[in-house]
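Written below as structure tokens is the structure these notes are about.
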2 protein chains.
Amino acid sequence: MQTFTEENYLKTIYKLSEGSAPVSTNQLAAILNTKAASVTDMLKKLSEKKLIDYTRYYGVTLTEVGKKIAVDVVRRHRLWEYFLVEKLNFKWDEVHDMAEELEHISSTELVDRLDQFMDYPAYDPHGDPIPDKHGRIKHHEFKPISQLDVDESGVISGVREHSPPFLQYLEKLNLMLGNQIRVIEILAYDQSVVLTVNQSENKISISKEAAKNILVTS
Amino acid sequence: MQTFTEENYLKTIYKLSEGSAPVSTNQLAAILNTKAASVTDMLKKLSEKKLIDYTRYYGVTLTEVGKKIAVDVVRRHRLWEYFLVEKLNFKWDEVHDMAEELEHISSTELVDRLDQFMDYPAYDPHGDPIPDKHGRIKHHEFKPISQLDVDESGVISGVREHSPPFLQYLEKLNLMLGNQIRVIEILAYDQSVVLTVNQSENKISISKEAAKNILVTS
DNA sequence: ATAAATTATTAGACTAATCTAAATATTTAT
DNA sequence: ATAAATATTTAGATTAGTCTAATAATTTAT
Ligand SMILES: [Mn+2]
Ligand SMILES: [Mn+2]
Ligand SMILES: [Mn+2]
Ligand SMILES: [Mn+2]
């Protein structure tokens with residue numbers, strides 16, 4: 001059994017180590033809103049418990065056991081987010097903080113029943129894949145809008161940035177999951193993208209930054 | 001904002017102080033599975049925070065603010081239990097421990113939405129009333145089976161003991177909420193009760209102890 | 001009314017998780 | 001290759017919650 005704190009560290013290491021690259025102390029401190037010294041303390045502890053491989057001054061990676069726990073926390077987080085949106089009618093910008101608490105409820109049986117209750121959803125409200133009970137994850141073929149050419153289209157399937165203001169902004173522009181967009185123009189001087197949503201007449205313009213954070217499938 | 005531990009103390013004081021009687025240190029220690037010394041420490045802290053009125057060597061009662069929090073924790077506990085049974089199909093003997101964790105999820109909005117999602121249930125799976133969002137509680141006119149006379153009948157509406165073994169025992173005898181029982185005989189020598197369930201031919205016998213812990217409405 | 005038993009509080013210590021400040025290692029720039 | 005900047009770790013404190021052992025207050029029994 002892990003404490004909430006340990007689970008949060010494991011989850012964060014997992015998310016930062018895209019493809020098993022070692023994660024640094026400062027990266028963790030920044031995301032976990034704590035100090036580097038505290039991170040070092042916790043890394044020693046998790047290393048003791050064989051949940052991570054940690055080398056001083058070098059970085060940290062998850063062991064198989066640690067990774068399993070991390071994926072399970074991610075599973076719980078995303079299933080609860082799905083529940084909050086689909087069953088309790090919260091909006092996609094409202095659910096993250098609640099899921100941060102709910103992800104630490106320990107019962108495996110509870111999460112599996114929740115999964116069944118919702119008919120085994122594959123993606124959470126932000127388009128992130130939900131690991132199944134064995135930790136298997138489906139990967140979308142995502143591409144940010146910023147990588148589309150003029151006249152290319154795609155279906156919005158995920159976001160790279162989860163902050164409520166960004167999600168609310170997308171909602172205002174009708175840039176929500178499932179909607180189809182088509183790139184009309186890419187402005188030369190700042191790479192901002194002009195596009196249409198769901199074949200509408202209406203052209204909208206988004207910054208290069210925003211375009212990088214909206215993911216589409218084709 | 002309170003910690004989990006503080007919430008558990010407040011909830012326990014609330015439950016032990018039926019009708020505002022002061023609660024003792026040892027009572028709390030027993031139920032909270034801790035030591036009297038730890039209880040004293042926490043009582044000082046809760047008193048500082050004005051959530052309880054505490055007099056050394058005398059006992060403790062809740063302030064209005066403390067009571068409000070306690071009732072809210074009870075509300076969350078019972079709503080989650082209802083959710084687990086009605087939506088996720090857990091049995092009534094399986095849900096308490098999960099609800100012990102879920103009751104500490106802080107969002108008020110979440111609990112209110114959950115309440116709405118389930119259409120404002122009045123009683124939890126054990127027959128205990130669920131306080132509404134303003135802290136109002138409906139009280140059943142409960143009576144234990146042990147107080148019924150021969151030939152009297154009633155509908156099972158609650159239990160006084162929540163341990164899984166007891167609940168499983170009741171289930172085995174079909175003594176579940178909503179079922180009607182009729183007292184056939186009360187044995188003189190040990191006050192055990194012979195009764196029928198839902199007009200069945202089948203007579204079952206339960207101890208005096210069990211009869212005290214099953215509550216009926218007439 | 002005194003002694004004995006019970007109940008409750010205090011004193012002092014421990015663990016988990018955190019912090020600041022100081023020291024050390026590594027990386028980058030000159 | 002050395003100095004400067006950055007990143008990381010260690011040392012030492014702090015807070016919440018808990019514990020055991022010792023002390024004090026209250027209640028019960030004689
Ligand atoms: Mn989230
Ligand atoms: Mn998400
Ligand atoms: Mn319960
Ligand atoms: Mn209950």
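Each chain gets a letter, A, B and so on, in the order the sequences are listed, and its residues count up from 1. Treat the numbers as computed from the prediction; the structure is a model and nothing was measured.
- The stretch residues 37-44 of chain A touches DNA chain D through A:Ala37, A:Thr40, A:Lys44, each having a heavy atom within less than 4.0 Å of the strand.
- A cation-pi contact, defined as under 6.0 Å to the ring centre and within 45° of the axis, is absent between B:Lys87 and A:Phe83.
- Minimum interatomic distance between B:Ile105 and A:Glu101 (heavy atoms only, all atoms of both residues): CA-OE1, 3.5 Å.
- Listed in residue order, the members of residues 55-63 of chain A having a heavy atom less than 4.0 Å from DNA chain C are A:Tyr57.
- For the pair B:Asn26 and C:dT6, the criterion of a side-chain N or O lying under 4.0 Å from OP1 or OP2 is not met.
- There is no side-chain donor-acceptor pair under 3.5 Å between B:Ser207 and B:Glu209.
- Smallest separation of non-hydrogen atoms from B:His134 and B:Asp132: N-OD1, 2.7 Å.
- One finds no salt bridge joining A:Asp115 and A:Arg78 here, because no Lys/Arg side-chain nitrogen approaches an Asp/Glu carboxylate oxygen to under 4.0 Å.
- Within residues 3-14 of chain A, the residues having any heavy atom under 4.0 Å from DNA chain C are, by residue number, A:Thr3, A:Thr5, A:Tyr9.
- Contact between B:Met42 and B:Thr5 at its shortest, heavy atoms only, is CE-CG2, 3.5 Å.
- Considering all non-hydrogen atoms of both residues, A:Ala36 and A:Asn26 come closest at CB-OD1, 3.6 Å.
- Put simply, CG on A:Leu28 is 14 Å from P on D:dA7, counting in whole angstrom units.
- Taking the charged nitrogens against the carboxylate oxygens, A:Glu64 and A:Lys67 have no contact shorter than 4.0 Å, which rules out a salt bridge.
- Tested against B:His126, the residues B:His162, B:His77, B:His96 include a single ring-ring contact (aromatic ring centres under 6.0 Å, His included) partner, B:His162.
- Counting to the nearest Å, the P atom of D:dT6 and the NZ atom of A:Lys35 are 18 Å from each other.
- Salt-bridge check for A:Asp72 with A:Arg76: passed, with a basic side-chain N closer than 4.0 Å to an acidic carboxylate O.
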